[in-house]
Amino acid sequence: MKFRFLFFLILAMVGFGYAQSVAPAPQIGDFRSIASGEWTNPSTWQIFNGSSWDNATTEYPGKDTTSSSQATYRVFVEPGTDVSVSTEQVYYFGNLYILADPIPTPLNALTVSYGKVTLLKNGSDRGHLSLLGNNQDVVILGGILNFDGEMTELKLKLGARLVLKYYNGAVCDTGTNLLQPERAGATGNKLIKFVDGTTEYNYAVSGGAGSAEYTFAELNCKGGSLGVVPTATLNPVCSGKTTILSATLAGFVSVADTAIPKLFVWSLISGPTGYTFPDTTASTLADLSLTLTTPGTYVFNVKVAYLSVLGYTISANQTITIEVLAADNPLCGGGCFKDPVLDTVKHPSNHGITSLKRAGADNPDNWPMVRESAYTVLESNTKGFVINRLSTTQLNAIATAGNGVDGMMAYDTTVKCLKIYVVDADPAKTGWFCFTTPACPTL
């Protein structure tokens, strides 16, 4: 079997790893912190206009949002900034990301630049940050959420996710990032709560004391709260073709709750006019096979729920958007992406780079020749493939100097996306562009 368009397979693999490990590229309306200061101080923030970041002037994340008037933008707390909350603040927007640079480990913990959100006690006021949007997770990618004062709290809507990555502690109670303070003996009235209407449930507590099921240390080590992560085998998918929806559990379930039965429910949030989908309930994360014929956008939700030993339901929701393309779309009709060319001739690969200390026809593995139908083969069980990394300024300098080549690729470290250089008859369409949506060449 001889494969063409192998590049797109590589791109898909790079994109998957990217989505799982770093914050997404900014979109219009997103906020990022540029200085340490109060959450409600506009000078703490900038807003993304689609191509660059502008000073927020009079705005700050969550301003004027309510349960009936929610926003969808995301908020990024950047490394080296500390955003403080000292009063009761309730907001409804997209995900909150708290970042660090570089990725923290137990070995470099003291040299990392951390983004931080600090919940303060200010006299009789306490820092209560309530993020109650319909699709609002808190994602801490190496940064710090610091409960600095007594009676400080983070509140999330029941079903939202608290995602924790890159803990810098060697064991669960020695780190200095993610949820802090987390050590035994820390004040037990620093809480994370889930909110269901007017009812609030204690979910996690700082230290080992308090009326909550989890400690900060447990969540730091286990990756955060209960979560469910949906995926699709094909997305986008061509009309009439089958895609399979699957889901995996993420985060932490206590030992006491491990054996408790859990229900998984798939439901349709939205789809093309006339399409219906009955709620599907399962006791396991079984795959869901779908053959969608009407082109358009389909949004499915998967929910996992169980009754915890604390006596209330713990749940998590996550949506996945499936794009169904018309049969005459170039992506479906052989315009840019083509089915593999099949033949019966063997095509051994003649070039490879391996870290596993094996190569050559005399080696029992016959590597890389055994990996058929590739121009080059990369192999490692400890290393990843890293494309060239440059800032936006450096990439623009390549174009300005006239050295841009149609099809040139690089990772933009400023906006955090994989970019390709495109040469077009229209000068306005020539330049560096992020990979966002699969498309065909315009020339």
Side-chain angles (χ1 to χ4, degrees), residues 67 85 88-92 95-98 117-119 126-140 143-165 167 172-173 175 177-229 249-263 303-318:
S67 59
V85 176
E88 174 74 31
Q89 297 179 31
V90 184
Y91 301 127
Y92 303 81
N95 290 351
L96 169 65
Y97 295 88
I98 308 177
V117 173
T118 301
L119 308 182
R126 269 79 171 179
H128 287 185
L129 180 60
S130 300
L131 304 178
L132 305 179
N134 291 333
N135 295 288
Q136 190 169 26
D137 297 335
V138 174
V139 183
I140 306 179
I144 302 171
L145 177 56
N146 185 30
F147 295 71
D148 192 59
E150 296 179 0
M151 304 300 293
T152 50
E153 296 177 352
L154 170 69
K155 298 179 183 179
L156 301 175
K157 185 174 182 179
L158 187 65
R161 277 231 55 201
L162 175 64
V163 181
L164 306 175
K165 283 183 175 287
Y167 187 52
C172 281
D173 59 355
N177 70 331
L178 305 186
L179 303 176
Q180 294 296 324
E182 95 291 28
R183 293 177 180 81
T187 303
N189 53 14
K190 302 173 182 180
L191 292 169
I192 296 172
K193 295 183 175 182
F194 281 122
V195 178
D196 184 14
T198 59
T199 305
E200 298 181 358
Y201 302 104
N202 293 347
Y203 182 73
V205 63
S206 174
S211 56
E213 186 165 3
Y214 303 125
T215 66
F216 288 2
E218 288 173 322
L219 295 182
N220 286 344
C221 282
K222 300 298 183 179
S225 66
L226 171 73
V228 58
V229 181
L249 285 178
F252 189 36
V253 177
S254 71
V255 174
D257 286 347
T258 299
I260 295 176
K262 300 170 179 64
L263 292 179
K303 176 181 179 180
V304 57
Y306 67 93
L307 184 64
S308 75
V309 295
L310 292 181
Y312 68 90
T313 297
I314 292 179
S315 66
N317 292 278
Q318 195 63 254

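What you see below is based on every heavy atom in this structure, not just the backbone, and it leaves out hydrogens, waters and symmetry mates. Nothing fancy with the numbering, it's 1 onward along the sequence.
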Taking [X] for the side chain and [Y] for the main chain, is one N or O donor matched with an acceptor at less than 3.5 Å?
X: H128; Y: M151; value: yes
X: R126; Y: E88; value: no
X: D137; Y: N95; value: no
X: S206; Y: P181; value: yes
X: Y167; Y: G175; value: yes

T118, L178, T152, L119 screened by side chain to side chain contact (heavy atoms under 4.5 Å, CB included) with N146, the one that passes: T118
Atom [atom1] in [X], atom [atom2] in [Y]: separation rounded to 0.5 Å?
X: L162; Y: L179; atom1: CG; atom2: CG; answer: 5.5 Å
X: S225; Y: L164; atom1: OG; atom2: CG; answer: 7.5 Å
X: D257; Y: L226; atom1: CG; atom2: CG; answer: 9.5 Å
X: I140; Y: N220; atom1: CD1; atom2: CG; answer: 8.0 Å

Parallel, tilted or perpendicular: rings of Y214 and Y203 (30°, 60°): perpendicular
Minimum heavy-atom distance between Y92 and Q136, given as atom pair plus value: CA-OE1, 3.8 Å
